[in-house]
Each structure stands twice: as structure tokens, then as C-alpha cells.
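Remember, it's a predicted structure, so these values are computed and weren't measured experimentally. Lettering of chains follows the sequences in order, A, B, ..., and the numbering in each one begins at 1.
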Amino acid sequence: MATFDIPIGPQHPALPEPLLLKLEVEGETVVGVDFDVSYMHRGIEKLLETKTYFQGLPLVERICGICNAAHGLCYTLNVEKLYDKEIPPRAQYLRLIVEELSRIHSHLLWLGVAAFEIGFNTMFMYTWRDREYVMDMLEAITGNRVTTEYSQIGGVRRDISPELADKLLKTMNVVEERTKYYIKVALTEPTIAKRTQGVGYLSPEDAKSTCSVGPIIRASGIKFDIRADDPYAAHEEVPFNVITYDSCDVFGRVVVRAQELLECVNMIRYALKNLPSGPFRIKLPMKPNAGEALTRVEAPRGELLHYTLCEGTPKPYRYKVRTPTLANLGALRAMLTSKGRYVVNIGDVPIIYGSIDPCICCTARVQFIDIKKDKTWTWTLDEIRNRSRRMRV
Amino acid sequence: MSFEESFLNEVKSVFGEKIIESKLFKRRIFLKVNPENYYKLIEFLVKEKGLYHLETMTATELKEGIEIIAHLGVSTSVSVKTILDKNSPKIVSLCNLIPGAEFYEREIMDLLGVVFDGHPNPKRFVLPQDWPSDIHPLRKSFETRHNQPLRNVGGE
Amino acid sequence: MSLESFLFEALKIIFFPGFVFIFILALFYEWFDRKFYAKLQNRVGPLYAGPLGILQPLADFIKLLSKEDIVPKGVDKVLFTATPLFSLSLSIFATLLLPIFSVKGLLSFEGDLVIAVVLLTFLCIITFFAGVASYNRFSIIGAERSFLQLIGYEIPLMISVISVALNAQSVTISSIVSSQKGLWYILGPNILGFIVFIFAAQAELERIPFDLPEAEQELIAGWNIDYTGRRLAMFRLAKNIELVFLCGLAAALFLGGPLGPVVSGYEPILYTIYFIIKSIFVLAILTIVRALFARLRIDQIVSLSWKYLLPLAIIQFLIVRLMI
Amino acid sequence: MEISITFSYNTVFDCEVDDIMSMLSELLRNLFKKRATVLYPEERDKVHVPEGYRGKLEFYREKCIGCTLCYQVCPSYTIEIVVDEKGKRPVFNLARCTYCGQCEDICPTKSIHLTKQFEVISLDKKDLVVK
Amino acid sequence: MILGLISWARKRSPWIAHFCTGSCNACDIEILACLTPRYDIERFGAIVRGSIRHADILLVTGPVTRQVRDRLLRIYEQMPEPKYVVAVGTCAISGGVYRNSYNIYPGVDSVIPVTAYISGCPVKPENIINGLSFLLKKIGESE
Ligand code: SF4
Ligand code: SF4
Ligand code: SF4
Ligand code: SF4
Ligand code: SF4
Ligand code: SF4
Ligand code: SF4
Ligand code: SF4
């Protein structure tokens with residue numbers, strides 16, 4: 001029984017958040033997977049019970065920095081359900097705009113990081129340069145580049161002025177043009193296709209039974225998008241297409257994300273044109289009514305769920321958060337386990353892993369258990385990635 | 001009659017009095033059953049009603065016991081609740097029915113100490129490896145202050 | 001040999017175009033490479049160390065020299081100490097063969113082109129030993145990769161060099177250079193050979209798209225992961241000198257080396273200037289290649305070399321063969 | 001550790017020429033484009049800091065009435081309520097502040113303002129206190 | 001003279017390693033953003049190195065979770081002298097939002113010594129640059 005330990009955690013600036021993957025392999029073939037997410041456990045659910053609903057909002061936004069807009073939105077929608085008060089429609093539209101903006105930022109970020117991962121530094125630099133336009137808009141609307149804190153209990157923090165709306169529309173034109181260029185590169189570049197097609201197969205049945213969410217399930221050809229199925233904010237009124245793709249592999253996930261970018265641009269345009277007038281925020285008391293509420297929101301990585309139980313005190317009795325990545329772990333395992341003609345080589349692991357756009361990554365270490373030889377060892381993702389260079393066909 | 005009400009009627013026509021309590025909101029249905037009917041109801045919902053998607057499972061420590069909620073649903077979300085005994089919480093695992101339930105159940109195992117019968121892989125998931133196995137942070141008896149011995153007192 | 005001429009030779013070796021000159025040139029080339037790369041990516045690159053950041057490589061070098069020197073447990077101490085030195089001295093030795101201030105290099109003898117190519121291979125082998133010495137999984141894999149690459153690009157590189165030699169009917173750098181008085185080989189029949197040489201040089205230098213041995217996203221730092229302080233400084237310097245050497249070699253073999261219109265009496269100075277301009281031109285091409293591609297997989301590299309570079313090199317060889 | 005070396009020679013590297021060309025032309029265009037970099041410490045005025053940026057806190061003692069609402073909404077225990085000659089007042093420990101702006105929103109007398117000052121650094125944690 | 005040269009070189013060539021101890025990602029992506037054209041910390045000669053043994057400055061983001069603590073210590077030990085640690089973001093300084101959670105240490109400085117603190121949640125990339133250049137200035141002065 002030999003266990004290796006890596007002296008240095010892999011610190012590269014891309015893909016943060018640690019997760020321990022335990023892979024069972026037979027020779028070079030992956031036959032089983034297990035996870036350990038304890039590196040990132042910060043006890044947020046317990047912590048939320050010690051804070052009032054108003055204090056909880058900033059904490060919820062910091063469950064994760066990348067789709068914090070979705071977390072904040074979900075939290076506020078959820079808590080508002082306890083109050084039984086109508087939220088002004090203008091606030092709902094503004095929330096939608098910021099949510100979609102942050103989706104653009106998240107998908108562009110993923111594109112850049114993916115390029116960075118394959119050593120395409122120039123592409124990474126260009127996507128991130130263009131992402132800055134989106135960041136500037138987010139900053140101008142919400143007051144911070146990444147952590148938006150835009151959606152507040154009772155509405156949104158501030159209004160979008162006509163000048164700002166104008167600027168936003170102009171930015172959308174730039175973003176659309178650049179996005180089209182990147183889509184062209186990503187979809188026609190043969191090396192990308194070679195490394196993604198037929199890899200990480202997730203059949204529609206598995207996608208359903210493992211309860212996967214977001215671009216993963218949509219790339220398996222299933223129309224499942226909370227924005228359409230369980231509309232919140234202004235999604236009932238703003239038209240959009242649910243992008244699906246039926247190749248069920250990593251390539252499909254690239255296509256779905258890329259096409260979604262253009263959808264987001266159109267939604268923002270529509271919402272800005274049809275922005276209702278009226279107040280953007282109402283004041284709500286510190287103490288909500290007793291009861292329970294459940295809200296689902298489509299975050300960039302998929303369905304996000306918040307549930308709360310309130311006993312009529314300013315603090316939640318219980319607050320439950322289910323993040324998209326947790327939901328996709330089951331799907332990840334299905335993708336990583338060889339079955340039938342879809343044999344998963346150790347070398348495929350990083351690409352498949354990256355395709356769920358995990359926010360738990362990087363320090364991620366993979367433990368192999370060879371059930372035949374009864375031996376255990378630990379590798380970093382990077383080491384596997386490196387093996388892939390040799391063994392991928 | 002709204003969709004939610006007709007849905008509830010359909011469920012009641014099969015389960016009748018076994019549904020102890022029900023609450024309806026827009027696109028939200030909360031049902032409460034006894035532990036012994038929990039699996040049957042969920043099986044019915046998944047197999048007959050096509051609610052293939054298990055959103056998540058929530059566990060809460062209430063005064064009367066530990067409440068387990070399985071949130072099912074695609075468009076309309078149906079939450080099935082049941083209350084377990086506080087001292088030896090035990091319930092049948094959903095993993096055979098819905099493989100995606102595994103991680104949710106393991107999280108509850110760690111954080112509240114509920115035992116899931118027939119769980120294929122009952123191992124530690126979210127807590128650190130060196131965490132004592134009889135402390136469950138989401139129990140109400142676990143004070144956040146509890147952490148003081150676990151935390152480095154130095155620093156700020 | 002009289003004392004004066006001995007002293008003169010010694011000065012030549014130490015200052016111009018010997019060690020000091022090469023040192024400065026190496027740092028300058030690294031700066032140019034980084035700055036130009038940044039420019040292609042719409043950034044500015046090094047800026048504050050000296051005017052336009054031109055002293056950046058020097059700052060890196062001095063800083064590394066002054067850092068704590070750690071010898072991790074479990075490394076092969078002898079190899080760990082010796083490989084940086086070997087790498088540095090071999091690359092300096094190779095550079096002395098370059099015809100910088102006249103058609104002849106500081107060292108010049110019959111058949112020195114062969115020695116130059118052999119030195120390149122040696123440098124790669126030393127990289128391999130450097131990786132193996134630190135006995136870290138990343139570094140071993142990096143080392144192994146650098147060896148695998150060698151299999152891929154070495155033969156095309158040699159063939160492209162041989163076709164130049166065949167064209168000039170000589171394996172001596174100085175006579176190859178002087179035979180380009182009329183027409184540079186790149187304008188002549190050797191354009192394919194030049195392309196092959198550029199790619200092979202990129203691989204030799206382990207730069208994108210061939211930077212697998214030290215790919216940061218995959219191997220953290222590859223074969224040099226465990227080297228710190230002085231040793232790392234030496235490796236970096238050796239790499240930069242190798243860069244000078246390969247750019248210079250390309251300039252000498254394909255671009256007529258230091259040749260150009262001269263005013264008599266100022267030949268050494270003008271020759272040097274021409275040489276530097278030409279090799280920087282080669283460097284710029286190398287940098288563009290670096291910015292243009294994503295990293296390849298190791299199997300892709302090998303198949304690329306065998307499928308494209310090797311046939312290209314052979315066609316090149318046949319063209320030259322038929323012409324002569 | 002065993003290191004197995006297996007190649008497959010059938011992986012074709014065939015990047016199409018016009019893909020490379022579109023990237024190359026993009027590269028060369030950038031060569032002549034103005035740099036995207038904002039030279040931050042020198043060109044500080046060009047940094048994008050919009051109106052309403054949530055930066056370093058400012059506190060106006062004159063206006064504060066000591067209602068402690070800000071203390072109640074702060075998520076990260078940034079605010080400590082102390083008593084001075086005028087009564088209760090908050091003291092902000094920026095080492096814990098998350099710049100969420102909740103205190104600014106709730107304050108009935110607008111005594112707290114999050115400024116556009118985004119540079120908050122220190123070599124000592126104790127310096128990060130706003131009084 | 002030599003000492004002056006060395007301190008000049010140290011000031012002009014800060015190589016960076018980045019380590020995440022349980023942050024929310026926002027600070028991490030802002031650090032990554034520092035490399036990109038708009039901010040370009042290569043101006044200062046800073047490059048992000050993967051290997052901790054090559055680095056001079058360790059940027060730490062996130063409150064230190066229990067599980068990560070030992071690895072942070074080990075990484076710190078492997079850095080060659082002279083080394084500097086910078087805590088980036090509120091939660092790296094004091095635990096920030098996650099303060100009082102049972103699973104975190106309140107800030108990086110409860111585990112390893114920290115040279116400079118950059119506050120913000122998340123830190124604006126300009127603030128990171130500002131913090132770095134401030135640190136570099138201090139390095140220059142102290143020698
Ligand atoms: S886990 Fe991610 S963020 Fe943290 S050090 Fe590793 S690469 Fe960086
Ligand atoms: S959501 Fe659950 S697992 Fe995640 S940090 Fe909070 S308590 Fe831990
Ligand atoms: S899915 Fe990832 S990016 Fe989105 S909120 Fe969760 S952790 Fe953050
Ligand atoms: S998505 Fe999961 S891993 Fe990421 S921060 Fe949230 S709980 Fe942690
Ligand atoms: S900005 Fe937020 S964290 Fe800072 S003092 Fe105000 S309420 Fe507290
Ligand atoms: S909320 Fe405003 S008035 Fe009340 S204590 Fe705070 S600063 Fe003073
Ligand atoms: S850092 Fe964020 S999550 Fe932590 S206490 Fe402050 S506002 Fe809350
Ligand atoms: S300081 Fe704030 S934004 Fe940065 S990692 Fe911590 S919680 Fe996230």
C-alpha cells in the first residue's frame with residue numbers, strides 16, 4: 001500500500017477551490033469515483049442560523065464568488081416569499097439584467113480559463129480583456145466588479161439610469177461581436193473538437209437519474225432550465241430560447257455555453273427596452289412571517305436551490321443551500337465511470353472534470369484505488385492532465 | 001382548480017389519510033407523511049408522476065425530531081417531509097430509486113448524524129477527515145461557540 | 001604566440017564577443033521576447049526595471065542569485081549541482097561558434113556545424129538529467145517529455161541543417177556564411193528548411209506550442225520545479241543563451257549571418273550590427289509562433305514532426321540535392 | 001513509479017490554415033492597437049471607478065445619532081459600538097469589512113458613506129480602523 | 001553597492017505564487033485578472049509561478065479552513081528566503097464573512113506570518129497592484 005503525498009499544492013491562478021476526487025482504476029481505466037469536498041467546507045449553513053436575514057445576504061453572496069449574483073438573487077427571492085408582499089416589477093427586471101450580465105461574465109471566464117488550461121495564453125488574454133467590458137458594466141450598476149450585492153430584500157440596491165442603460169446597450173453590441181468571434185474560434189478550431197468530442201459521455205437517462213442540472217443536462221438533450229420551467233424574477237415576460245444539444249459529450253457542453261452567451265445578450269437588450277417604471281425597492285421589516293420557502297434559480301452552472309424555515313424571528317431557524325456543482329457531482333461520476341463502449345481513460349479525467357465548470361478544482365487531488373493491485377496513491381489533477389498528453393488517442 | 005390542487009387530489013386518491021399534512025403555494029407543494037410511508041410516496045411520485053429530478057434533501061432539527069425533506073420536481077416542486085426520532089434518527093435511503101440522492105444523504109449524515117438504511121457508500125463527505133465522528137454541526141446542541149477549542153485562539 | 005596577441009584573444013573571449021557580450025545579449029533577447037509577446041497580447045510587459053523594463057531579465061537574474069538556495073531532501077546532490085553548470089557552460093561554448101563580428105566565430109574549425117548540432121542535443125540531455133536529479137514526480141515527467149520531444153524534432157532539424165550544408169558544400173559555419181555573399185539561402189532554395197528550423201528551434205527552446213516539459217498549467221514548472229536561487233538563475237541564463245544561439249544559428253545559416261553592405265574599416269562593428277538585426281528578426285518570428293498557438297499534446301508533437309516537419313525537411317533536402 | 005510511454009501516431013495535427021490566419025491577423029492587429037493596459041499607479045485617474053463604487057468607509061460623527069442599526073445589519077462583526085462624549089457611536093474595523101454597503105443603506109441619517117477610495121492596504125491590521 | 005543592487009533586483013522582480021485556503025473564488029479571479037491586458041502586473045516584473053520554490057511572494061486568499069491549514073504551513077516552509085506573504089481579501093485578513101464558523105481559522109496570520117494586508121471583498125485588481133507596489137517599496141526601504 002503506497003500513498004504518495006504531493007509536497008506542493010498545485011497553485012495556479014485558474015480554477016480555484018479544492019476537492020478530493022478518489023478514482024478507482026483498473027489499469028488505465030476508471031471504474032469508480034468518490035469525492036471529498038471538505039477542503040472547502042466553511043460551515044455556511046450553520047453560520048447563517050446565527051445571522052439575521054439581512055446579515056445573511058452578504059454571506060450568501062460569498063458562498064461562491066463567480067455566480068454570486070445568482071446566490072444573492074435566490075436568497076432575496078426566497079426571503080421575500082416569507083413576507084407576502086408584492087415586489088415592484090422594475091426590481092425584477094433589474095435583477096434579471098444583472099443576473100444575465102453575470103452569466104456572461106461567468107461563461108466568458110470559463111472560456112478564458114479553458115484556453116489557459118491548454119496553454120493558449122493569447123486567447124486567454126483576449127477573452128479576459130473583453131470580459132473587462134462586462135465587469136465595468138457590473139461595477140457601474142452594482143458598485144463592485146465581482147460581488148454584486150445588487151439584489152436586496154425588497155428590491156434592488158439602486159436603479160439603472162437612462163445614461164447607464166445606453167452605455168449597457170453599447171457594451172452589449174461589443175460583447176456580441178466579440179462573442180461571435182470566440183464562438184467561431186471555439187467551434188471551428190479542430191484541436192478543441194478533437195479533444196472534446198465523444199469524451200465524457202452522459203446519456204440522457206443518466207443525466208436524469210443523477211439529477212444533474214444546468215448546461216450539463218442541457219447538453220444531454222434535455223430541456224431543463226429553471227428560467228423556463230420555474231420562472232422567477234422577470235423570466236416569465238422576457239423571451240429566450242433554452243439551448244440544448246444532443247451530443248451528450250464535452251463538446252456539447254462547450255456549444256451550449258457558447259450559444260447561451262448570445263441568448264443572454266438578447267435578454268438584456270429586451271429587458272432594457274421593456275423596463276417597467278415605478279419604484280425599485282420597498283422597505284421590509286427585519287422580522288419576516290413564520291413559514292417556509294423554497295426557491296430555485298438558474299445559476300451559470302445550473303439549478304441553485306435555497307430553502308428556509310422561519311419561526312417568525314429575525315434569524316432563520318434553518319437555511320439550506322444546494323449549489324449546482326454539488327448536484328452535478330453525480331453526473332460527474334457517471335461521466336467518469338466506464339461503461340459499455342465509453343471507456344474512460346485516466347487521461348480523460350481533467351477534460352471531463354473541467355466540463356462541468358466546477359468551482360471546486362485546482363487543489364483538487366485525485367486518489368486512485370486500483371482494486372486489482374490493492375494499492376492507493378494520490379495525484380494532483382495536473383499530474384493526470386500530464387498523463388493525458390501521452391495516453392489520449 | 002389550480003394545477004397544484006388537482007395534483008394534491010391525485011396523490012390523496014392513492015395515499016388518502018397517509019398524507020398527514022399538506023401546504024400549497026405557487027408551484028410548490030409540501031406533503032408530510034410518516035417515515036414508513038416516505039419511500040412509498042416518493043416511489044409513486046418518481047415512477048407514476050414523472051418527477052425524476054431530486055432537487056435536494058434538507059434535514060432540520062425541530063423540537064419534535066429531525067425533519068427530512070426530499071425536494072422533487074422539474075417544474076412544480078414537491079417536497080416530501082417526514083419526522084424522525086431525535087435520538088436515533090434512521091430512515092431508508094433513496095439511492096436505489098434515485099442514484100443522485102447519494103451526496104445529499106451523505107451531507108445529512110455528516111451534518112446531522114442521520115443514518116440512511118441501505119446507503120451504498122456511507123462515508124464522510126463534507127467534514128474534515130479529523131473531525132470527531134459524534135459531533136454534528138447542524139444539530140442545535142452544537143453551538144457555534146463550540147468551535148473555540150477547534151480553532152486557533154491566536155490571530156485576531 | 002606573442003603575449004600581446006594572447007592578451008588580445010583573452011580580451012576577446014572575456015568581453016567581446018565572449019562571455020560578457022553573450023551575457024548582455026542573452027538578457028536583451030529575453031527582454032525583447034517578453035516585451036514583444038506582451039505587445040502582441042495588447043499589454044505592455046516589463047516596464048519599470050530600467051527604461052522600458054529593459055533591465056528586467058537582469059533584475060530577475062540578480063534576485064535569483066541572492067535567494068536562499070534549497071537542496072530538497074532526496075535529490076541526487078551531484079547531479080543537482082552539476083547540471084546547471086553543465087547546461088550553462090555548454091550553451092556558452094555553443095555561442096562561441098557563432099559568426100558574430102566576422103564570417104568566422106570566435107571558435108571556428110573544420111566541421112564546427114556538426115559540433116553545434118551535437119551541442120544542442122547535449123543541452124537537451126542535460127535537461128533530462130536535471131529533471132531526474134530532483135526526483136520529483138513533476139520534474140521527472142517534465143524531463144521525460146523533453147526527451148520525447150527530442151525524438152520528434154531532432155531529425156527534421158538535422159536534415160534542414162544538412163541541406164544548407166549541402167548547398168554550401170561545407171560543414172563549416174564560416175564557409176557557409178561566406179558562400180551566402182551572393183544570395184542568402186532563405187531567398188534561395190532553402191525557404192522550407194528555414195520553416196522547419198524555426199519550429200525545431202521552438203521545440204528545442206521548449207516554448208509554446210512545445211513547452212510541454214515545463215508547462216505551467218500541467219507540470220507546475222516541469223523539470224526545474226525543485227531548483228531555486230543560483231541554480232535556477234543558471235538554468236534561465238542557459239536557456240537565454242541557447243535562445244541567442246539558435247537565433248544566431250538561423251541567421252547564420254539562412255540569412256547570411258553578419259554579411260551586409262560594409263564600409264571598409266568598420267567591418268567588425270557593422271557585421272555585429274547586421275548579425276544582431278538578423279537574429280532579432282528570427283527571434284520575432286519565434287515570438288509570434290509562441291503567441292499564435294496553444295500547447296500541443298505530446299503525441300501531437302511527435303506526429304506533427306513526423307507527418308509534416310520530416311517530409312518538409314526531406315523535400316527540402318531533395319530540392320537541394322537536385323539543384324546541385 | 002512506473003512510467004509507461006505509449007504513443008498513438010494517428011492523432012493528426014491539422015489546424016486549418018485559415019484558422020491560423022484569423023488568429024494571426026488578430027495578433028498583428030493588436031500589435032498596432034493602443035495598449036489595453038491602464039498604467040495604474042501613474043494613470044490613477046484613468047482607472048474605472050464608477051459613481052457608487054463601494055470602497056473605503058467614511059463616517060461623519062456629527063450626523064450619527066447612535067441608533068446602532070448599522071451594528072445590527074453588519075454581517076461580519078466589523079462594527080463595534082463605543083461610547084464617547086456624545087453618546088454611542090460605531091467604530092469600523094476594516095480588517096473585517098466586506099464592503100457590502102448594508103450599513104450605508106440602513107443608516108437613517110446618512111452618517112456612513114462608502115467612498116470611491118478603493119485602495120485599502122496596510123502592513124499592520126491595526127491600522128485598518130475607521131473612526 | 002552590491003547590497004543596493006540586490007535590493008534593487010528584489011524590488012524589480014517579485015515572483016508570485018497564489019494559494020487558496022477556502023476563499024469564495026472572487027478574490028482568486030481578481031488575482032487572475034491582474035495578469036490580463038487591462039492590469040498586466042508583468043509591468044512590475046511580476047510573473048505567477050506555479051512552483052512555490054521559485055516564488056518570492058505568496059498571495060493567500062480565503063479564510064483558512066481546518067483541512068487546508070497543514071498544507072498552507074507546508075507550502076510556507078518550502079518557500080526560499082526572503083519570502084513575503086500577502087493576505088488578499090477580507091476573509092484572508094480576519095476570516096471576514098466566515099468569521100465565527102466552526103471550520104475556519106480567523107485569517108491567515110493565525111497560521112503563518114503575514115507581511116501585508118490588502119482589504120476588500122473582493123479586492124479590486126488595482127488594489128492588489130497597489131498593495132504589491134507598496135510592499136515592494138517597503139522591501140526596498142528596509143534593506
Ligand atoms: S486551489 Fe485553486 S486557487 Fe487555490 S492555490 Fe490551487 S489553483 Fe490556486
Ligand atoms: S453549504 Fe453545507 S457543505 Fe457547503 S459550506 Fe455550507 S454547511 Fe458546508
Ligand atoms: S456554482 Fe460555482 S460559481 Fe456558481 S455559485 Fe456555486 S460555487 Fe459559485
Ligand atoms: S459550490 Fe460547493 S464547493 Fe463551491 S463554494 Fe459552494 S459549497 Fe463550496
Ligand atoms: S460595509 Fe458591510 S461589512 Fe462593512 S461595515 Fe458596513 S455593513 Fe459592515
Ligand atoms: S446607523 Fe447611522 S446613525 Fe445609527 S449608529 Fe450607525 S452610523 Fe450612527
Ligand atoms: S466577509 Fe462577507 S460573509 Fe464574512 S462576515 Fe463579512 S460580509 Fe459576511
Ligand atoms: S475577501 Fe470576500 S471576495 Fe475575497 S475571497 Fe474572501 S469572501 Fe470572497
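Going from atom CG of C:Leu58 over to atom OG of E:Ser13 covers 10.0 Å, rounded to the nearest 0.5 Å. Expressed to the nearest 0.5 Å, how far CG of C:Leu64 lies from CZ of E:Arg10 amounts to 10.5 Å.
In this structure, C:Arg43 contributes its side chain and E:Glu42 its backbone to no donor-acceptor pair below 3.5 Å. In this structure, the side chain of E:Asp40 engages the main chain of C:Val44 through a donor-acceptor pair within 3.5 Å.
Looking at E:Pro82 and C:Lys67, their side chains come closer than 4.5 Å, going by heavy atoms from C-beta outward.
Counting heavy-atom neighbours within 6.0 Å of C:Phe129 CZ, excluding the residue itself, gives a total of 12 or less. Heavy atoms from other residues, nucleotides or ligands lying under 6.0 Å from CZ of C:Phe86 number 12 at most. Heavy-atom contacts from other residues, nucleotides or ligands closer than 6.0 Å to CZ of C:Phe23 number more than 12.
Ranked by heavy-atom pairs under 4.5 Å with chain C, the list E:Asp56, E:Thr36, E:Ile41 is led by E:Asp56.
In this structure, chain E has no heavy atom under 4.5 Å from any part of C:Leu65. Only the backbone of C:Gln41 comes within contact range of chain E, judged by heavy atoms closer than 4.5 Å. Residue C:Arg236 touches chain E through its side chain alone, counting heavy-atom pairs closer than 4.5 Å.
Taking every heavy atom of both residues into account, E:Ala9 and C:Ala59 meet most closely at CB-O, 3.4 Å.
Within the cation-pi definition used here (under 6.0 Å to the ring centroid, within 45° of the axis), C:Lys63 qualifies as a partner of E:Trp15.
E:Arg12 and C:Tyr48 form no side-chain donor-acceptor contact under 3.5 Å, judged by distance and modelled atom types alone.
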